[in-house]
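Let me begin by presenting the structure, written as structure tokens, before commenting on it.
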Amino acid sequence: MNSALDILRGCAVAIVGAGLVGRGWAVVFARAGFPVRLYDANPEVLQAAPALILTQLEGLERYQLLDEPSSVVASRITPHHSLAGVVDGAAYVQESILERVELKRELLERLEALDDGNRIIGSSTSGIPASQFSSGLTIAPRVIIVHPVNPPSLVPLVELVPSPSTSPQTLAFAKNLMQAVGQTAITVNKEVEGFVLNRLQAVLLREAWALVEDGIASPEDVDKTVRDGLGWRWSFMGPFETIDLNAVGGVSDYARRLGPLYQRIAASRTHDAPWGGTLVEEVEAHMRGQLPLDQLAQRCQWRDLQLMAFAKHRKENS
Ligand SMILES: NC(=O)c1ccc[n+]([C@@H]2O[C@H](COP(=O)([O-])OP(=O)(O)OC[C@H]3O[C@@H](n4cnc5c(N)ncnc54)[C@H](O)[C@@H]3O)[C@@H](O)[C@H]2O)c1
């Protein structure tokens, strides 16, 4: 297919952790033509995974986002009941287990014991730098963060975050692999908690909480501002591109005209604000008024349908 398949030399991709993200990764790798081996420490999760994955694939098929029948893609995915079994013959492991550093460390120690000297391990962690669970291991040069956005089968961005021990070859492999499966990879050059995506999201959410706390806007109006304002441009261009087009002289002109305003805004938020207390209760009450908790899962399905319609639009117009 392309260079990443050459690198894999006909080997499989192993996914460890068959929860929300692991199942999404299974779709991503299988639809790109890779044999996928799937494992979860919880046998019930593993047993339920193929049917849930098939449902995802059928949704993609309905939106013409698959090049082959969903059954063909699904047939590439095989559940395995042990860690040794799932990594046997796999050149790449996508770790997608719970977000707990000690569990990730323990898993890497077990993967080190099963190492074949070549296998590369990508971690789906949302924000833990790899050195916190790979340091001191002989496999550390072949460990890298490969952080997706949920669901990875619909949202293409992946953050590649090498630790100081990660080899340049591992980073190059991960870039090739992500390209081969149709994801958009960025490289986070230095280890930092939250990487890039969640750091950007953190700033927006910090201000969103504060605007509600200060009585400046309701949660509904904050959501509207992103949904019907900022988000329109952000769905196809980034913040630097946005401001580059918002002043006749480009980004430096924008910085000259509006930099002082943004600086005053930043200076007005000098302390960190814990997420908790009456503020979270207020937003929770507001959100539950719009959407009862028992309808949350249904709304997630609605979100995925919106994402599929958007992915179809992007595919047809890119
Ligand atoms: N949910 C998201 O939006 C999202 C997005 C990007 C990245 N992530 C990251 O992806 C990872 C997985 O998140 P998730 O949302 O899929 O969680 P999840 O709870 O849905 O799935 C985790 C799975 O890992 C299994 N597991 C735990 N320890 C294991 C082990 N030692 N070996 C094999 N399986 C094991 C659990 O049984 C569970 O099924 C986390 O690191 C998370 O931070 C999550």
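Counting starts at 1 for both ligands and their atoms, in listed order. Since we're looking at a predicted model, the values are computed, not measured.
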Selection residues 182-198 - residue pairs positive for salt bridge (charged side-chain N to carboxylate O under 4.0 Å, His left out), sequence neighbours left out: none
R119 side chain to L111 backbone, donor-acceptor under 3.5 Å: no
Salt bridge (charged side-chain N to carboxylate O under 4.0 Å, His left out) evaluation trace for R62 with E58: CA-CA 6 Å; R62 268 197 299 281; E58 287 168 348; 5.4 Å; no
Atom 17 (O) of ligand 1 [closest protein heavy-atom partner, distance rounded to 0.1 Å]: L98 CD2, 4.5 Å
Check: E159 side chain, L197 main-chain N or O, donor-acceptor pair, under 3.5 Å: yes
Residue and atom name of the nearest protein heavy atom (relative to atom 34 (N) of ligand 1), distance in Å to one decimal: A41 N, 3.1 Å
Identity and distance of the protein heavy atom lying nearest atom 37 (O) of ligand 1: D40 OD1, 2.6 Å
Nearest-neighbour protein heavy atom for atom 9 (C) of ligand 1, which is reported as residue plus atom name and distance: S124 O, 3.3 Å
V16 heavy atom under 4.0 Å from ligand 1: yes
Where ligand 1 meets P148 - atom numbers and elements under 4.0 angstrom, heavy-atom basis: 6 (C)
Atom indices of ligand 1 within 4.0 angstrom of H147 heavy atoms, with elements: 6 (C), 7 (C)
Test item: D244 side-chain N/O and G250 main-chain N/O as donor-acceptor pair under 3.5 Å: no
Q301 side chain to D304 side chain, donor-acceptor N/O pair below 3.5 angstrom: no
Per-atom contacts, ligand 1 versus N42 - under 4.0 Å to a heavy atom: 37 (O)
Pair D214 + R269: basic N to acidic O under 4.0 Å: yes
Salt-bridge contact E68-R76 (side-chain N to carboxylate O under 4.0 Å): yes
Which residue and heavy atom of the protein sit nearest atom 21 (O) of ligand 1, plus the separation: G19 CA, 3.3 Å
Heavy atom of K104, distance to ligand 1 below 4.0 Å: yes
Ligand 1 atoms in contact with S126 (distance to a heavy atom under 4.0 Å): 6 (C), 7 (C), 8 (N), 9 (C), 42 (C), 43 (O), 44 (C)
Top protein contact for atom 41 (O) of ligand 1, by heavy-atom distance: E99 OE1, 2.6 Å
Ionic contact status for E106 with R110, cut-off 4.0 Å: no
Shortest heavy-atom approach to atom 22 (C) of ligand 1 - which of G17, S96, A49: S96
Under 3.5 Å side-chain donor-acceptor pair for S131 and S163: no
Ligand-residue contact atoms, ligand 1 with L20, heavy atoms, under 4.0 Å: 1 (N), 15 (O), 16 (O), 20 (O)
Atom 11 (C) of ligand 1 - nearest protein heavy atom and its distance: I97 O, 3.2 Å
Protein heavy-atom partner closest to atom 44 (C) of ligand 1 - residue, atom, separation in Å: V21 CG2, 3.3 Å
